[in-house]
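Below: the structure, in structure tokens.
This chain uses plain numbering: 1 for the first residue, then up along the sequence.
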Amino acid sequence: MSKSHKKGHKRNSKVTSLEKPKQKSKAKKKHRKKSSRVKTKKNGHSKKTKGISQSAKKKKEIKKKKLSRKKMFYMIGTAFLISFVLYVGIFMALFSVGKMDGYSMLPTLNNDEVVAVSRRKKVARFDMVYMNTPGREDKSVRRVIGVTGDEISFKDDELFINGEGKEEKYLIGKKKSVGSMILTDDFNLNEVTGQTKVPKGKYFVLGDNRKSSTDSRYYGFVSKKDIIGKVELRLFPLSKFKVF
């Protein structure tokens, strides 16, 4: 090999040796750029995935809240329905509903007013009762004035039971409104029934509207079996709801 040829070969080898590291550095730079791009893409993708996951979590939370609200309303509604059914069941087992017919109980009850009647309570003197009207097919509300063994009379608008004067508190308002007018005309039990005492298992009843009431003064005693129950409440109209 000639000297000139050797020199040329050295020069070429130098050039190639210089070019190789340059090419490597360029390749490294390109690789770095690509890796940085990949990283940025990955970061962007991770940010997007984080954003999606957060929105998904929010949606899930909203759904859970909605479901919990629905469950709560469902539970409240179910509890209300059950309690209402139980209340109606208990009410129907213990009470019946009656309707006032006529004006014999004014001012306490008016015509067509609806009352709740307790079938379980023992009837006592001065209680209002819902009953089968003697000699008629209808039902009515009247007030018990005399029970078994009572002697009854009225004098000067005052009630006497077994010789003792009794105040009729349920008529105080009515008496004040009419002033000196007499509400109950004088009579005794023997005059209107032919008996001096209320027989066993019977009641003597009067309407509160004494001047215009059809009661035991006209149809006699009421049998215990004809008493449906004691009037406890005025149900309707709702504006006049009252516990007696």
Side-chain angles (χ1 to χ4, degrees), residues 91-155 157-171 174-175 182-236 242-244:
F91 182 86
M92 294 306 291
L94 299 176
F95 293 87
S96 59
V97 177
K99 188 178 179 182
M100 180 62 204
D101 184 18
Y103 302 93
S104 291
M105 288 302 293
L106 284 174
T108 311
L109 289 173
N110 206 340
N111 184 44
D112 290 336
E113 291 184 343
V114 179
V115 294
V117 181
S118 172
R119 297 193 295 248
R120 301 292 179 92
K121 285 200 173 182
K122 188 178 178 180
V123 175
R125 190 186 292 123
F126 303 135
D127 285 344
M128 284 192 296
V129 292
Y130 188 58
M131 64 185 201
N132 295 310
T133 308
R136 290 161 60 179
E137 294 182 357
D138 62 352
K139 295 175 176 59
S140 57
V141 178
R142 295 292 185 271
R143 193 179 296 278
V144 173
I145 301 298
V147 297
T148 300
D150 283 346
E151 293 179 1
I152 298 164
S153 63
F154 273 87
K155 190 170 183 177
D157 212 9
E158 186 178 357
L159 168 65
F160 290 87
I161 297 177
N162 301 322
E164 185 181 348
K166 299 287 183 180
E167 184 182 16
E168 295 184 274
K169 292 180 180 180
Y170 40 85
L171 293 180
K174 181 74 173 176
K175 286 183 176 181
I182 292 174
L183 291 180
T184 311
D185 294 327
D186 292 354
F187 74 88
N188 62 51
L189 202 61
N190 189 47
E191 289 173 351
V192 294
T193 66
Q195 298 192 51
T196 57
K197 292 182 179 181
V198 179
K200 187 178 180 180
K202 304 283 185 178
Y203 297 98
F204 185 84
V205 300
L206 293 175
D208 288 354
N209 190 14
R210 299 288 163 79
K211 289 290 185 182
S212 304
S213 173
T214 303
D215 45 42
S216 287
R217 292 173 294 180
Y218 301 93
Y219 48 63
F221 300 109
V222 178
S223 177
K224 188 177 180 180
K225 66 180 182 181
D226 286 324
I227 302 293
I228 298 166
K230 178 185 172 182
V231 176
E232 295 279 4
L233 307 166
R234 175 166 47 208
L235 297 175
F236 297 102
K242 186 177 179 179
V243 180
F244 295 111

Those residues that, when tested against [X], pass side chain to side chain donor-acceptor pair (under 3.5 Å) (two or more places apart):
| X | result |
| --- | --- |
| R217 | D215 |
| D208 | T108, R143 |
| D185 | K211 |
| K242 | none |

Pair E168 + R210: basic N to acidic O under 4.0 Å: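 Yes.
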
Side-chain heavy-atom pair E232, F244 within 4.5 angstrom cut-off: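 Sidechains of F244 and E232: no contact.
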
Exam field: side chain D157 to backbone I182, donor-acceptor pair closer than 3.5 Å: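 Looks like no, no N/O pair under 3.5 Å.
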
Counterpart residues, salt bridge (Lys or Arg N to Asp or Glu O under 4.0 Å), relative to E113 (two or more places apart):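 Applying salt bridge (Lys or Arg N to Asp or Glu O under 4.0 Å) to E113 gives R234, K240.
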
Partner residues of F187 under the ring pair (Phe, Tyr, Trp, His ring centres under 6.0 Å) criterion, sequence neighbours left out: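 Partners of F187 by the ring pair (Phe, Tyr, Trp, His ring centres under 6.0 Å) criterion, ordered by chain and then number, come out as F154.
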
Partners meeting ring pair (Phe, Tyr, Trp, His ring centres under 6.0 Å) with Y170 (sequence neighbours left out):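 With sequence neighbours excluded, Y170 shows a ring pair (Phe, Tyr, Trp, His ring centres under 6.0 Å) to F126, given in chain and number order.
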
Which pairs would a plain distance check flag for residues 130-139, meaning a side-chain donor or acceptor within less than 3.5 Å of a matching protein atom at least two apart in sequence or in another chain?
residue	atom	partner	partner atom	Å
T133	OG1	D138	O	3.4
T133	OG1	D138	OD1	3.3
T133	OG1	S140	OG	2.8
R136	NE	D138	OD1	3.4
R136	NH2	D138	OD2	2.7

From CA spacing to verdict: side chain to side chain contact (heavy atoms under 4.5 Å, CB included), I152, V198: CA-CA 8 Å; I152 298 164; V198 179; 4.0 Å; yes

Pairs where residues 98-112 contributes a residue and the test salt bridge (charged side-chain N to carboxylate O under 4.0 Å, His left out) is met, not counting sequence neighbours: K99-D112

Side chain to side chain donor-acceptor pair (under 3.5 Å) partners of residues 189-205, not counting sequence neighbours, each pair once: N188-E191

Contact list for residues 220-230, test side chain to side chain donor-acceptor pair (under 3.5 Å), sequence neighbours left out: none

Salt bridge (charged side-chain N to carboxylate O under 4.0 Å, His left out) between K166 and E158, intermediate numbers included: CA-CA 7 Å; K166 299 287 183 180; E158 186 178 357; over 6 Å; no

Over all heavy atoms of both residues, which pair between [X] and [Y] is shortest? Give the atoms and the distance, please.
| X | Y | answer |
| --- | --- | --- |
| V147 | V144 | CG1-CG1, 4.0 Å |
| M100 | N110 | CG-O, 3.2 Å |
| M105 | G207 | SD-CA, 3.7 Å |
| S213 | R142 | OG-NE, 4.0 Å |
| V205 | V222 | CG2-CG2, 3.8 Å |

Residue pairs involving residues 101-125 (criterion ring pair (Phe, Tyr, Trp, His ring centres under 6.0 Å); sequence neighbours excluded): none

